[in-house]
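Okay, structure first, notes after.
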Amino acid sequence: QVQLVESGGGLVQAGGSLRLSCAASGRTFSSYAMGWFRQAPGKEREFVAAMRWSAGSTFYADSVKDRFTISRDNAKNTVYLQMNSLKPEDTAVYYCAARLGPVRDYGYDYWGQGTQVTVSS
């Protein structure tokens, strides 16, 4: 079965950086799209970024474009989310997700447990 385990969250000051990791196991992910989502307190979960595992094409929400970068390490079966120039409004629980098929901002079948990111002003 698919397992996704996030790590790397924490507390950072505004303007700082964090790198989230998502260790994926249980499948060969070459046909999967991998995504990052986030959910702030009292808000709905929202799409952040996604990429096709095999092709590497990326897709970002407008709110994080030019600040966040999604990437993967095939040898480690790990997906990353590099977050720069963090803002207090980036505070949320961040989730890694996987879906079989093309990159989308919806329709993900597998989810990690989430990692908290808190950005102080």
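- Using modelled atom types, one side-chain atom of Arg99 and one backbone atom of Gly107 make a donor-acceptor pair closer than 3.5 Å.
- Between Asp90 and Lys87, none of the side-chain N atoms (NZ, or NE/NH1/NH2) sits under 4.0 Å from a carboxylate O, so this pair counts as no salt bridge.
- Distance alone, capped at 3.5 Å, is enough to place a donor-acceptor pair between the Thr115 side chain and the Gly9 backbone.
- Distance check: Arg72 CZ to Thr78 OG1 gives 12.0 Å after rounding to the nearest 0.5 Å.
- Contact detail for Leu11 and Ser120: the closest heavy-atom pair is CD1-CB, 4.3 Å.
- Hydrophobic cluster membership differs between Tyr95 and Val2, with clusters built from Ile, Leu, Val, Met, Phe, Trp and Tyr side chains linked at under 4.5 angstrom.
- Criterion: ILVMFWY side-chain heavy atoms under 4.5 Å apart, direct or through other members. Under it, Leu4 and Tyr108 are not part of a common hydrophobic cluster.
- Contact of the Leu18 side chain with the Leu86 side chain is registered, since non-hydrogen atoms from C-beta on lie closer than 4.5 Å.
- Distance alone, capped at 3.5 Å, is enough to place a donor-acceptor pair between the Thr91 side chain and the Val119 backbone.
- Contact between Ala14 and Ser121 at its shortest, heavy atoms only, is CB-CA, 4.3 Å.
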Tell me, with the steps shown, if Ser63 and Arg38 meet side-chain contact (heavy atoms from CB on, under 4.5 Å). CA-CA 12 Å; Ser63 59; Arg38 66 186 182 186; 3.6 Å; yes
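- Across all their heavy atoms, Ser17 and Asn84 have their closest contact at OG-OD1, 2.9 Å.
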Under 3.5 Å, sequence neighbours excluded: what are the donor-acceptor pairs made by side chains of residues 20-34?
unit_1: Arg27; atom_1: NH1; unit_2: Tyr32; atom_2: OH; d: 2.8
unit_1: Arg27; atom_1: NH1; unit_2: Tyr110; atom_2: OH; d: 3.3

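- Both Val12 and Tyr94 belong to a common hydrophobic cluster when Ile, Leu, Val, Met, Phe, Trp and Tyr are linked at side-chain heavy-atom distances under 4.5 angstrom.
- The two residues Thr58 and Ile70 have their closest heavy-atom pair at CG2-CG2, 3.6 Å.
- Annotation: side chain of Val117 is in contact with side chain of Met83 (closest heavy-atom distance under 4.5 Å).
- Here the side chain of Glu46 pairs no donor or acceptor atom with the backbone of Phe37 at under 3.5 angstrom.
- By the rule that hydrophobic residues join a cluster once side-chain heavy atoms approach within less than 4.5 Å of another member, Trp111 and Val93 end up as members of one cluster.
- Applying the ring pair (Phe, Tyr, Trp, His ring centres under 6.0 Å) rule to pairs touching residues 57-92 yields Phe47-Phe59, sequence neighbours excluded.
- Leu100 and Val103 sit in two unconnected hydrophobic clusters of ILVMFWY residues. Membership requires side-chain heavy atoms under 4.5 Å apart, directly or through other members.
- Between Glu6 atom CD and Gln116 atom CD the span is 12.0 Å, to the nearest 0.5 Å.
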